[in-house]
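Here is how names work: the chains are called A, B, and so on, in the same order as the sequence lines, proteins then strands, and each is numbered from 1.
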2 protein chains.
Amino acid sequence: MPAPTLRSLARELGLSRTTLSDALRGSPRVKAETVARVRAAAKAAGYERNPLTGAVMSQLRRSRGQQFRGVLAVIEIIEQPQTSFGVRYNESLAAGIAARANDLGFKVERFIVGPNGVKLGRLDTILHTRGIQGLILLPAVGFPDLSELSWHRYTAVYADYFIDHPPLHCVCSDHYRSMVALLHELHARGYRRPGLFMEIALDERLQFRWEGAFLALQKYLPGITEVPALQVREVTRETFTEWFKRYDPDVVMGHFPVAMDWMKACGAKLPKSHGFVCLNSLRTAGDCAAVDLRTGLLGARAAELVIGQLLHNEFGVPEQPSLTTIPAKLIDGPTLRPMGTPKAKAPANAKT
Amino acid sequence: MPAPTLRSLARELGLSRTTLSDALRGSPRVKAETVARVRAAAKAAGYERNPLTGAVMSQLRRSRGQQFRGVLAVIEIIEQPQTSFGVRYNESLAAGIAARANDLGFKVERFIVGPNGVKLGRLDTILHTRGIQGLILLPAVGFPDLSELSWHRYTAVYADYFIDHPPLHCVCSDHYRSMVALLHELHARGYRRPGLFMEIALDERLQFRWEGAFLALQKYLPGITEVPALQVREVTRETFTEWFKRYDPDVVMGHFPVAMDWMKACGAKLPKSHGFVCLNSLRTAGDCAAVDLRTGLLGARAAELVIGQLLHNEFGVPEQPSLTTIPAKLIDGPTLRPMGTPKAKAPANAKT
DNA sequence: CGAAATTCCCTGACGGTCCGAATTCATTCG
DNA sequence: CGAATGAATTCGGACCGTCAGGGAATTTCG
């Protein structure tokens, strides 16, 4: 059975398509009794109005091709003061979202939930009155709870690993794969004692994907000397220096570029004697090799997903949430030996 | 002067509205020269295509058609004889694909590439003559190369972790997350010496995500006694038994249910003294706890992605491939202690 | 040279909206 | 009492950009 349309439904009821349209939108032009009859029949026939279609038609009809844009809400949940890095990360995501949304005929509006923004209940009414149905949630500290929103009205994507309240589709960088690719690259450049330092909280929210990949690859890349990862609550100069001197990694990976100074203070020459890679290019000033998490692309993909769902009239919490990931990319820099550089010590009896 | 519309512009140029529409979207139905002329005129007149309007219209036109909207090709690349498990896995995926595709008005057809099927070049012509544009590639052993196909005609998804020739969107189970969830569950049930055995080849194609998660979580779950993973080229009774006796894990995870027999032969009682979880429910006969990789859901999601791209006229290799994953689910079974069972040894001085 | 394939463009139909016109029915006024 | 006014409802026309199918003109091939 083909999906019912306004016209087919009108024929069945012996009314005109116009009356149906007006009735379903609750126009005062139509008698209340007729409205009720039409709505009941529509429900019985399984007719579903696509609000986006309606909006487009309306604007089209009214204003002669004047550029009409749909609206996406980009929502930030800010419970505590943000770090400057967190701000950069979210801005970069938002820029990617805005760019892709614009290509697809949407504009974005930012909302902030929390002490310095609106309450969740207030957001719900704002979105409702503005007719906004597509939401993109920027990563929040901890595990946010948005189950209060009237989800039957919205379709949404969370730009982080997972969210349980409610369980939504997520879009995030593929940290595991990125670490794997990074280690392969470093290995190809001749590094054999890769070291990883990290604040536990950063990796914990990723379910330790950075370290998980690091541990597994240390085992399976040929010729590696294992260096235990430095995982601490807070990375300080003292703990780093102690670790660095004790295990002497030939390349260091971590989030904080300041570690380069600490390494130099230990006598390391970058890139001659040691290498360094920052695990997030947004934390650097461009003066070292770094991992680009492709936040712009992530935002773009998030926008695509939400807009696709809007066009297909899919609202509410998905039956089965999925996670969409994009691998990161290494940005080369002056803190790494280039490819093909002879290793510090040429292997005596190399055996591939 | 009011904003120009497709129709007004068409009148000026002496063309039909359809030709304008096709030209502006770059359809191959219109001569290149005409396209250029139209585009120039549109620019001069200040006509701007509204992508949202176009998308909505397209959606509307298509959905109105009969329920049959096209055919998806499900393609298997079989270079070597398949294992019976491999067959089950692919069949389960295919079933999920077919079900979801059917809901969305698509039919599926199976194709086999390889010694017992068609050559790649032949497949290309078959797909072309049949007018099939949406492809879903089932997992292949190794890293298949499909770059020969005329990709500008197709839109595709690969049902595995990654493919480089060409780089396509992929859909796969989230093995890392699944292992994390499994270890948390086992921990909650009181197990403290989880053990993992695996054939290297199985984990290698997943970039060691099973073991990566295992290694990381062993470090961070409280009260765990670490048991080294048994990673071997081929799991035999001898190697398993030696490992099992030496480290005495209190719960064993692995792909091969036969290990239960080997454990029993060592004196283990399931579930009383030891637990067992099979890492892929398709390998079991339903007689043990197992991880359900949700192949049906994966197939469904793959179908959704391809159909979404078809409906949006997105063909060719994506600009940036992404990976979509779905977490697995533990199927409880008689080889695990239920929740809340007192541990074998109550901790003397428990400290949460 | 005739038949078949290809290239290129057009007509017709479509869904949901807005606006003006048409229809019905009650009320008011000459 | 008949006609005019007005309010309450419903309908028809026109419109947006798209898609499916058709047809004329050109090229290719037997």
Nearest whole angstrom, please: distance from the C1' of C:dT17 to the CG of A:L52. 15 Å
Decide yes or no, distance alone: a donor-acceptor N/O pair under 3.5 angstrom between the base of C:dG15 and the side-chain of A:R17. no
Mind checking B:R7 for me? I need base, sugar-phosphate or nothing, with any heavy atom below 4.0 Å counting as a touch. base
Taking atom types as they are modelled, is there a donor-acceptor pair under 3.5 Å from the base of D:dG12 to the side chain of A:T18? yes
Closer than 4.0 Å, any side-chain N/O of A:T34 to the OP1 or OP2 of D:dT10? yes
Is the phosphate of D:dT9 approached by A:R37 (side-chain N or O, under 4.0 Å from OP1 or OP2)? no
Do B:R29 and D:dG21 share a donor-acceptor pair, side chain to base, under 3.5 Å? yes
Should B:E109 and B:V74 count as side-chain neighbours, where that means a heavy-atom distance under 4.5 Å? no
Rounded distance in Å - CG (B:N313) to P (D:dC19): 6 Å
On the nucleotide C:dG15, are OP1 or OP2 found under 4.0 Å from the side-chain N or O atoms that A:T53 carries? no
Starting at CG of B:L24 and ending at C1' of D:dT18, how long is that distance when rounded to a whole Å? 13 Å
Answer yes or no: is there an ion pair linking B:R110 with B:E91, defined by an N-O contact shorter than 4.0 Å? yes
Side-chain contact check for B:K31: nearest option of C:dG16, C:dC9, D:dT9 is C:dC9
Which class fits the ring pair B:F162 and B:F143: parallel under 30°, tilted 30 to 60°, perpendicular over 60°? parallel
Between D:dC19 (C1') and B:H312 (NE2): distance, integer Å: 16 Å
Provide, to the nearest angstrom, the distance between the CE atom belonging to A:M57 and the C1' atom belonging to D:dC15. 10 Å
Base, sugar-phosphate, or nothing: which does A:L20 touch, judged by heavy atoms less than 4.0 Å apart? nothing
Closest-nucleotide 5' rank along DNA chain C - winner of B:S16 and A:R25: B:S16
Rounded interatomic separation in angstrom, taking CG from B:L6 and P from D:dC15: 14 Å
Please check if atom CD in A:Q320 has more than 12 non-hydrogen atoms from other residues, nucleotides or ligands closer than 6.0 Å. yes
Verify the contact: side-chain N or O of A:T19 to OP1 or OP2 of D:dC11, cut-off strictly under 4.0 Å; return yes or no. yes
Can you confirm whether the side chains of B:R25 and B:N313 place a donor and an acceptor under 3.5 Å from each other? no
Of the listed nucleotides D:dT18, C:dG16, D:dT9, the one nearest the side chain of B:S21: D:dT18
Ignoring backbone atoms, establish whether B:Y47 has a side-chain N or O less than 4.0 Å from OP1 or OP2 of D:dC16. no
Atom CD of A:E33 and atom P of D:dT9 are separated, to the nearest Å, by 10 Å
Short side-chain donor-acceptor distance under 3.5 Å, B:S21 and B:T18: no
Would you kindly give the CZ-to-P distance between A:R11 and D:dG12, to the nearest whole Å? 13 Å
